[in-house]
Structures are given as C-alpha cells and as structure tokens.
Amino acid sequence: MNEIKVIETRKKVLEENEKIAEANKELLENKRIKAIEFLGGPGSGKTHLIYELARELRDKFNIAYIGGDMAGKYDAEYIGKVGIPSLQINTGNMCHLEAFHLRDALKKLDVGEDLDLLMVENVGNLICPFELEIGTHKRVVLVDPAEGKEKFEKYPIAFLNSDVIVISKADLIKALDADLNEMLEKAHNANPKAKVVTTSAKEKEGIKELIEVIL
Ligand code: MG
Ligand code: ZN
C-alpha cells in the first residue's frame, strides 16, 4: 500500500507564529513599550473600556492603540477620539489576530522612541485568540453580565491564558438581576492566578483599580 503523506500545516503555522510573537516582544522590550492585550466576546465592552483607560492615562503615558476586527474601522476611530495614535487591522476572514498582524501594525504605526504603552484589542472571540500569543505582555479578558456566568466553564482556555479577568458593564448587573458574587467566584475558579476586576466604563467605575492591576 502506498504511504500516505500528511502535511502538518497547522503545526507549521503555530511555530511560525511563535517566532514572530517572540520578535514582537523583543522589539517592544527594546523600545520599553508595555503592550496590554484586551480580549473577549463581541460586544463584551473592550473598546469602551480601552477608551476610558486611555482617557485616564493619556496625560501620564504616551499611548497608542491597535485594534483587530474582521472589517471596518469603527474601533480605531472611536479610540482616536481620545487623541492617541490609533490603527485598525482588518483580518478579513480571520477570527483572531496573529503575530504577523501585530508586527505589521507596529511598522505602520511607526512607534517613536517616546511611546510607552500600547493597547491591543483582539478580534471579538472567546476561542482562538487565546490559542496563540502575538507578543503582548499581559492579557485582559472581559466578560459582561449579559453573557452569562456559564462562560467561565465553557471557555476554559480564555481564562487560563489570561492574566486579568474583567467583569465588564457592571452597571447592567441590577437590570439583569445577575449575581456578581457568583460571577466573581466562577472567574476566580476559572483561573485562581488571575486578578479579577469589576468595571463599568459607562459609570467610569473600576478604571483606576484596573490600571493598578495592569501596570
Ligand atoms: Mg471593539
Ligand atoms: Zn480565529
């Protein structure tokens, strides 16, 4: 019988991605830029939270924003209103950012010597963005009360591969009759090593606490 040849493209892609991610990290470290990545399902409040963080930090740090979405430039335009350099990556049919996206964005952004904080927003998705690193220093994953407390058990790697878990849109808790304590407990159980912070970008709550955790 003929031997069947198998080409392991996925493994090759992941290895290639890892190399680029390491190079990204090295570049950022050489330039003393701290890169924080924000992840979570679509509509979990990533962009609005980044907006409030950037507003709070823009006087103390030189910040830039890189946002990933399949199409459009909504998020970069929104963050751009804070007055920081903002760049949108359109991934086309790809449901996550890969290291090459960040590499290319860093080139496009032409990060000057004075940039010290980079906020990266991954594509809204609780699955594959957590499977591969792109070269950022810290990962912040958001879950809002409307998504349901089951998220913590249904998407284990999202929480295990994050440094900070944010319960976002805390202003919705009352309207939804959600149990914040239960969400906090489930978040902690999903990754006991992660810091858990509750925020409301709308009410500007938890922003300073989150800054303390991520910086
Ligand atoms: Mg967004
Ligand atoms: Zn994907």
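Numbering of ligands and ligand atoms starts at 1, following listing order.
- Cys95 contributes SG and Cys128 contributes SG; the angle these two atoms make at the Zn ion (ligand 2) is 110°, rounded to 10°.
- With Asn24 contributing its side chain and Ala99 its backbone, the two residues share a donor-acceptor pair below 3.5 Å.
- The heavy-atom pair separating Val120 from Thr136 by the smallest distance is CG2-CG2, 4.1 Å.
- Between Lys154 and Glu150 there is no salt bridge, since none of the side-chain N atoms of the basic residue sits less than 4.0 Å from a carboxylate O of the acidic one.
- Of all N, O or S atoms in His96, the one lying closest to the Zn ion (ligand 2) is ND1.
- Angle OE2 (Glu121) to the Mg ion (ligand 1) to OD2 (Asp75): 100°, rounded to 10°.
- Counting only distance, with no hydrogens or angles, the side chain of Asp163 and the backbone of Arg139 share a donor-acceptor pair below 3.5 Å.
- The distance from the Mg ion (ligand 1) to the nearest N/O/S atom of Thr47 is under 2.8 Å.
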